[in-house]
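Heads up: the structure comes next, in structure tokens.
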Amino acid sequence: MTHEEIKSCCADAYSKDIVAMLLGDSYHPGGTALTRRLADRLALAPVMRVLDVASGRGTTALLLAGAYGVQADGVDYAPANTALAQGAAEAAALADRAVFTTGDAEHLPYDDGVFDAVVCECALCTFPDKARAAAEFARVLRPGGRLGLTDVTADPDRLPPELRGLSARIACVADARPLDEYAEILAAAGLRTQVTERHDEAMLRMIDQIQARLDLLRITAPARLADAGVDLDAAPALLDAARAAVAEGVLGYALLTAVKWP
């Protein structure tokens, strides 16, 4: 499968309503509490212009615009997500501070050095060309600008077979990297890591949340799960494998901030 096909497959999956039903509004471990921690680590303030890469339905960008007063731009590969996010901005009376665009993280549709901060939550792990995406983060940041990530971490060589296929990649697992490798990718793009934090417990909570919601939907909306392509027979094994991988230190979740070298 080509890089473009992988990106299209991920974008299509994350624009489905069933994903929101299973993952909740934030689509990532730790939810808005971890987003706020990331924003605080970045010292976001109303004077700043912030880019949210892989902004999905706009939860992170709208939180940053509403709670921190920043000018937030969101970019997502799926046009359906862009439309939903812009509609949410209008409904929240934040359309003057949150604008959403359809675009590719590996080819960001912005000029050089226009952002004070870039955030990317639970998405770098899905990008086929992570080095290219990191270079784009650095390109659109001003000198001294800051990057904030929250993302899945993994030891690829130790992942079990259940967590290696396309469905696991879409679930942000199969192409995740160790935390130190993310830092190396960012360093090669001119982004110096400042803070790293482990939040593996957030990953366990999300696995449990998905399990509970899947069990409920299995009873209340089995047709919707089938229409969305959710394999009810395979899902329990996938979740069990993910839970075991977290317990063994193979899979986890982390927060990282970095600064663009002057």
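The model shown is predicted, which means the values in this text are computed figures rather than measured ones. Note that these values count all heavy atoms, side chains included, but never hydrogens, waters or copies made by symmetry.
- Using a 4.5 Å cut-off on side-chain heavy atoms (C-beta onward), Leu149 and Leu124 make contact.
- Applying the salt bridge (charged side-chain N to carboxylate O under 4.0 Å, His left out) test to pairs two or more places apart or on separate chains, those with a residue in residues 181-198 are Arg37-Glu197, Arg41-Glu197, Arg177-Glu181, Arg198-Asp200.
- Listed for the Lys130 side chain is a donor-acceptor partner under 3.5 Å among the backbone atoms of Asp175.
- Listed by chain and number, the residues in a ring pair (Phe, Tyr, Trp, His ring centres under 6.0 Å) with Tyr68 amount to none (sequence neighbours excluded).
- In this structure, Asp215 has no salt bridge (Lys or Arg N to Asp or Glu O under 4.0 Å) partners at least two apart in sequence or on a different chain.
- Members clustered with Leu94: Leu62, Phe100, by chain and number, using a 4.5 Å side-chain heavy-atom cutoff among hydrophobic residues.
- Counting heavy atoms from C-beta on, the side chains of Val53 and Val119 never come closer than 4.5 Å.
- Checking side-chain atoms of Asn81 against main-chain N and O of Asp76 turns up no donor-acceptor pair under 3.5 Å.
- Using a 4.5 Å cut-off between side-chain heavy atoms of Ile, Leu, Val, Met, Phe, Trp and Tyr, Leu63 forms no hydrophobic cluster with any other residue.
- At a threshold of 4.5 Å between side-chain heavy atoms, the hydrophobic network of Ile, Leu, Val, Met, Phe, Trp and Tyr places Ile207 and Leu216 in two separate groups.
- Sequence neighbours left out, not one pair with a member in residues 250-262 passes salt bridge (charged side-chain N to carboxylate O under 4.0 Å, His left out).
- Applying the salt bridge (Lys or Arg N to Asp or Glu O under 4.0 Å) criterion to Arg205, with sequence neighbours excluded, gives no partner residue.
- Residues Thr153 and Pro178 are not in side-chain contact: their nearest non-hydrogen atoms beyond the backbone lie 4.5 Å or more apart.
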Ignoring hydrogens and angles, write down the donor-acceptor pairs under 3.5 Å from the side chains of residues 43-51, residues two or more places apart or on other chains.
unit_1	atom_1	unit_2	atom_2	d
Arg49	NE	Asp73	OD1	3.0
Arg49	NH2	Asp73	OD2	3.2

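- Residues meeting the side-chain contact (heavy atoms from CB on, under 4.5 Å) test with Pro109, sequence neighbours left out: Val75, Thr101.
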Enumerate donor-acceptor pairs with a distance under 3.5 Å from any side-chain N or O in residues 131-141 to protein atoms, sequence neighbours excluded.
unit_1	atom_1	unit_2	atom_2	d
Arg132	NE	Glu106	O	2.7
Arg132	NH2	His107	ND1	3.2
Glu136	OE1	Leu108	N	2.7
Glu136	OE1	Arg139	NH2	3.0
Glu136	OE2	Arg139	NE	2.8
Arg139	NH1	Tyr110	O	2.8
Arg139	NH1	Asp112	OD1	2.7
Arg139	NH2	Leu108	O	2.9
Arg139	NH2	Tyr110	O	3.1

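- Between Thr193 and Thr257 the shortest side-chain heavy-atom distance does not fall below 4.5 Å.
- Proximity of Arg146 to Asp116: side-chain heavy atoms (C-beta onward) are nowhere separated by under 4.5 Å.
- By the side-chain hydrogen bond (donor to acceptor under 3.5 Å, both in side chains) test, Arg158 is found to be paired with no residue, residues two or more places apart in sequence or in another chain being considered.
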Under 3.5 Å, side-chain donor or acceptor atoms of residues 235-253 against the rest of the protein: list the pairs with distances, not counting sequence neighbours.
unit_1	atom_1	unit_2	atom_2	d
Asp240	OD1	Arg243	NH1	3.1
Arg243	NE	Asp208	OD1	3.2
Arg243	NH2	Asp208	OD1	3.2
Tyr253	OH	Thr150	O	3.4
Tyr253	OH	Thr150	OG1	3.1

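- For Asp96, the CG atom counts as densely surrounded, since its 6.0 Å shell holds more than 12 non-hydrogen atoms of other residues, nucleotides or ligands.
- Separating the CG atom in Asp151 from the SG atom in Cys125 is a distance of 4.0 Å, to the nearest 0.5 Å.
- No chain of hydrophobic side-chain contacts below 4.5 Å, direct or via other Ile, Leu, Val, Met, Phe, Trp or Tyr residues, connects Leu186 to Trp261.
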